[in-house]
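Have a look at the structure below before the remarks.
Just so it is clear, the model here is predicted, and its values are computed rather than measured.
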Amino acid sequence: MSSTGAAPEQRGTTIWLEESAMTETDVDPDRAAELRGQMVDALVADGMIISAQVEAVMRTVPRHRFAPDASLDEAYAPYKAVFTKKDAHGVITSSVSAPQIQAMMLEQAEVAQGMRVLEIGSGGYNAALLAELVGEAGEVTTIDIDPDVTARAERLLADTGYARVQVVAGDAEDGVAASAPYDRILVTVGAWDIPPAWIAQLAPKGRLVVPLRIKGLTRSIAFDHAEDHLVGTSGQVCGFVPMQGAGRHQEQQVLVTGTGEIALRFDDGLPVEPSSLDNAVRTPRAESWTGVGVGRQEPFDTLQLFLATVLPGFCIMAVDPDLDTGLVSPSNKWFSMATVDDRSFAYLTTRPTADPQSVEFGVHAFGSGRAALAETVAAQVRAWDQEQRGGPGPRIEVHPVGTPDDQLPAGRVVDKRHSRVTLSWSAAPTADDQAVPHTPTAQGE
């Protein structure tokens, strides 16, 4: 899948990753079929493939034909993407997504025979899977802003027997009106917002599956069309190359040491004056340990969304390993939940417990209000543990920009350019509720 390409002025700087000289005649078809079967078997065993339809098409479409620069082992690795294009700075702009992610989104979409489907972000392989799912009676259109990507996808689809897929070069912000309405729209690039065209081109009972970024957290969410808005029915943790073109959205950063060592990344504007955090990290550290343990392999993605909902200054902290001087000690230096408040900032971390298979959540805070902020965050972690842990996660809806507050569901409102995204939490099920089925909204990272 592509980031929908580079902006027009950047297209001349993008290059394909080095391709091998391997051709289809060099490939052992029996070995390819064996590895494809092993890939699908692994995804079925891990619960990533749950329907017979998705299993059948992933056993049918030769993934390696859409990743000719990769070895067979690389093409059929169930949890690894194959990168196909980068820009002049080495940033990946196009890839064939990991089979696990593609299976997950196809399951969310519930594509059926005869449907009309739009894919936003081209690569070829996923469009071929969709073509198999809709059959000869259905239609698949795939669009990408990068003409190099669409030319490659069109060639690979034709060479593999899927010439019936319509490939369009253009900015996906406007969708593809000529083939609308669509029963399903699958977005295979990271989107910060939902353009009005996507909703307008969705059939009345259609479904949009999109990796939507909310407060710096990306979730693949299946949205059902409900009159003038969208209602999320499921969400899964994922990561995608970000959207380019008109839908591009740049995060803002605060460098708390004046260098790139420690960056606080904000998705929706800065809630504080950046200078107010100057040298806050050089104050003594306040700590607050929560008493909330989590297994080392246990998912806690609902905690991420919960903190993003209840902490107004929520952000993501990243530490550059090449510049790291040890001023902060998060569990994950690349991606740590954090928040700011006036002249202070805090981040979530963990420490070992007596049980080697679990860790305890804690908070480190710096700045003039560090003690109070540390305890505020710790209290919210405890609230999640007591009220939301094991629950379905938030109900996520997308409403048109300009929708009055009194017409939105209760909860956190995240305002974007085209839409107002709401996150509404209900209590986690108790023992008395266990007879009532709940659909989880995410799986752990």
Within the structure provided, determine whether [X] and [Y] are in side-chain contact (heavy-atom separation under 4.5 Å).
X      : Y      : value
Val328 : Phe366 : yes
Leu217 : Phe314 : yes
Lys215 : Thr309 : no
Glu387 : Trp425 : no
Ile199 : Asp228 : no
Tyr76  : Val40  : no
Pro99  : Met48  : no

Fill in: Parallel, tilted or perpendicular, as decided by the 30° and 60° cut-offs, for the rings of Trp192 and His249
parallel
Worksheet entry | Ring geometry between His229 and His399 (parallel below 30°, tilted from 30 to 60°, perpendicular above 60°) | parallel
Worksheet item: Considering residues, nucleotides and ligands other than Arg420, do more than 12 of their heavy atoms fall under 6.0 Å from its CZ?
Response: yes
Worksheet item: How about Lys333: does its NZ atom have over 12 heavy atoms from other parts shown lying under 6.0 Å from it?
Response: yes
Discussion item. Side chain to side chain contact (heavy atoms under 4.5 Å, CB included), that's the test. Do Ser329 and His364 meet it? Break it down for me.
Written reply: CA-CA 9 Å; Ser329 53; His364 292 173; 3.4 Å; yes
Does [X] come within less than 4.0 Å of [Y], counting only side-chain N to carboxylate O?
X      : Y      : answer
Arg412 : Asp268 : no
Arg351 : Glu287 : no
Asp41  : Arg59  : yes
Arg248 : Glu173 : no

Atom [atom1] in [X], atom [atom2] in [Y]: separation rounded to 0.5 Å?
X      : Y      : atom1 : atom2 : result
Ser234 : Glu107 : OG    : CD    : 10.5 Å
Phe66  : Leu129 : CZ    : CG    : 8.0 Å
Leu323 : Leu255 : CG    : CG    : 10.0 Å
Gln304 : Ile214 : CD    : CD1   : 12.5 Å
Ile221 : Leu230 : CD1   : CG    : 10.0 Å
Thr259 : Asp320 : OG1   : CG    : 8.0 Å

Fill in: side chain to side chain contact (heavy atoms under 4.5 Å, CB included) evaluation trace for Phe361 with Asp385
CA-CA 11 Å; Phe361 285 122; Asp385 180 54; over 6 Å; no
Worksheet item: Any sub-3.5 Å donor-acceptor pair from Asp193's side-chain atoms to Pro195's backbone N or O?
Response: no
Discussion item. If you apply the rule salt bridge (charged side-chain N to carboxylate O under 4.0 Å, His left out), what do you find for Asp73 with Arg31, and how did you get there?
Written reply: CA-CA 10 Å; Asp73 288 318; Arg31 178 61 176 162; 3.6 Å; yes
Worksheet item: Is there a donor in the side chain of Ser220 and an acceptor in the side chain of Gln236, or the other way round, less than 3.5 Å apart?
Response: no
Worksheet item: So which heavy atom on Pro211 is nearest to which on Cys238, and how close?
Response: CB-SG, 3.8 Å
